[in-house]
Amino acid sequence: MAETIRLVVAVFGNAASMSLYAAPVVTFKRVIRKKSTEEFSCIPYIIGLLNCLLYTWYGLPVVSCKWENFPIVTVNGVGIVLELSYVLIYFWFASRKGKVKVAMTAIPVVLLFCIIAAVSAFAFQDTRHRKLLVGSIGLVVSVTLYGSPLVVMKKVIQTKSVEFMPLTLSVCAFLSSTLWLIYGILIRDIFVAGPSILGTPLAILQLVLHCRYRKRSVVEEPGKGDQEKGNLEKVDMEMGKVETNETNHMTENSSTMF
């Protein structure tokens, strides 16, 4: 029975996490359409790539005992493909300065993972110490990943707009972190449950901000429309004044001629 519950939670956790990884597709459709990265940051996607690399390695039989963490391998394997795609798209459409920033962040991240993988594979002979090394680093990276939306949330509060914090991403983050927290508790693995202890409250905070500022953004649009309407009316009034002056001038000229 306990094994069945763990399996069900793992399946739903995988589905939620894959939705979370796929959620930025909407953002990158906008980037491709506008051919600009605008105010979006590349840091969450690079940290996300490192997180997926570490937890895929953590779940493989090299680190874990056989395939005990197979659900973690599947979801993070898909995450590697998606996060790498996002980083490459961001790099392609970023400004020259943005490209330098992506390269200076992504290259050290990949090198760091290669070093961790090599040390865990060759410096330790048992899975216990390998899991301790890779899991500890993965835990720190995951906490950083879950903490990265704090920058976006600060921008939301300052601008009173959720434009750069998509709702789908926040919902998927909440579902994913909650399910993996439950799964980590069920398998008694702190390296799986640990990140979600921080991730779940942060995801809830994102949803609260959406409820707080979503309607504010909608209300601002009519005001903008009224302003534009007022500007058009002002232009029409000025055009009317010009036409009236021209008509009076022509009338005066006609009277002078007669």
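For the numbers below, each heavy atom of this structure counts, side chains included, while hydrogens, waters and symmetry mates do not. Because the structure is a prediction, the values reported are computed rather than measured.
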TODO: Take E38 and R30 through the test side chain to side chain contact (heavy atoms under 4.5 Å, CB included) and record every step on the way to the result.
DONE: CA-CA 10 Å; E38 298 182 280; R30 171 174 173 165; 2.7 Å; yes
Task: M153 vs L202, side chain to side chain contact (heavy atoms under 4.5 Å, CB included): CA-CA, chis, key distance, verdict - done: CA-CA 10 Å; M153 286 189 279; L202 285 177; 4.0 Å; yes
Open item on the list: Checking I107 against L111 for the side chain to side chain contact (heavy atoms under 4.5 Å, CB included) test, could you report, in this order, the C-alpha distance in whole Å, the side-chain angles of both residues, the deciding distance, and whether it holds?
Closed with: CA-CA 6 Å; I107 293 174; L111 289 175; 4.1 Å; yes
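Nearest heavy atom pair, residue S170 against residue H210, reads OG-NE2, 3.4 Å. Here the closest heavy-atom approach between residue Y55 and residue S142 is recorded as CE1-OG, 3.1 Å. Listed here is the closest heavy atom pair of T56 and G77: OG1-N, 3.5 Å. The two residues I80 and C52 make their nearest non-hydrogen contact at CG1-CB, 3.7 Å.
No continuous path of ILVMFWY side-chain contacts below 4.5 Å connects I185 to V75, so the two sit in separate hydrophobic clusters. Hydrophobic cluster membership is shared by I190 and L54, with clusters built from Ile, Leu, Val, Met, Phe, Trp and Tyr side chains linked at under 4.5 angstrom. The cluster map of Ile, Leu, Val, Met, Phe, Trp and Tyr, joined by side-chain heavy atoms under 4.5 Å apart, puts V25 and V31 in the same cluster. No continuous path of hydrophobic side-chain contacts links M18 to L7 [ILVMFWY only; heavy atoms under 4.5 Å]. By the rule that hydrophobic residues join a cluster once side-chain heavy atoms approach within less than 4.5 Å of another member, I32 and V102 end up as members of one cluster.
Partners of V119 according to the side-chain contact (heavy atoms from CB on, under 4.5 Å) rule, which considers only residues two or more places apart in sequence or in another chain, are I115, A123, F124, L133. For the side-chain contact (heavy atoms from CB on, under 4.5 Å) test, residues two or more places apart in sequence or in another chain that qualify with A106 are I46. Every salt bridge (Lys or Arg N to Asp or Glu O under 4.0 Å) that K131 has, sequence neighbours left out, goes to E68. With sequence neighbours left out, the side-chain contact (heavy atoms from CB on, under 4.5 Å) criterion links L84 to L49, L88. Annotation: side-chain hydrogen bond (donor to acceptor under 3.5 Å, both in side chains) contacts of T200 (sequence neighbours excluded): S177. Listed by chain and number, the residues in a ring-ring contact (aromatic ring centres under 6.0 Å, His included) with W67 are F70 (sequence neighbours excluded). Scanning for side-chain contact (heavy atoms from CB on, under 4.5 Å) contacts around F12 gives V8, L179, with sequence neighbours left out. When the ring-ring contact (aromatic ring centres under 6.0 Å, His included) test is applied to F174, no partner is found at least two apart in sequence or on another chain. Take F91 and apply the ring-ring contact (aromatic ring centres under 6.0 Å, His included) test, not counting sequence neighbours, and it matches no residue. Partners of S17 by side-chain hydrogen bond (donor to acceptor under 3.5 Å, both in side chains), not counting sequence neighbours, listed by chain and number: S176, W180.
Here the side chain of R6 pairs no donor or acceptor atom with the backbone of I187 at under 3.5 angstrom. S196 places no side-chain N or O within donor-acceptor distance of the main-chain N or O of G199, the cut-off being under 3.5 Å. Of the possible polar contacts, one joining the N76 side chain to the I72 backbone as a donor-acceptor pair under 3.5 Å is found.
Note that CG of L50 is 6.0 Å distant from CG of L112, once rounded to the nearest 0.5 Å. Atom CZ of F191 sits about 7.0 Å away from atom CG of L139, to the nearest 0.5 Å.
R130 is not listed as a side-chain neighbour of D126, based on a closest heavy-atom distance of 4.5 Å or more.
Ring to ring, Y90 and Y45 are not that close: their centroids are 6.0 angstrom or more apart.
Within the structure, side-chain hydrogen bond (donor to acceptor under 3.5 Å, both in side chains) pairs that include any residue of residues 104-125 comprise W57-S120 (at least two apart or interchain).
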Using atom types as modelled, flag every donor-acceptor pair under 3.5 Å from a side chain in residues 58-66 to any protein atom, sequence neighbours excluded.
residue: Y58; atom: OH; partner: D189; partner atom: OD1; Å: 3.3
residue: Y58; atom: OH; partner: D189; partner atom: OD2; Å: 2.8
residue: S64; atom: OG; partner: Y58; partner atom: O; Å: 2.4
residue: S64; atom: OG; partner: N69; partner atom: ND2; Å: 3.0

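The environment of NZ in K99 is crowded: more than 12 heavy-atom neighbours from other residues, nucleotides or ligands sit within 6.0 Å.
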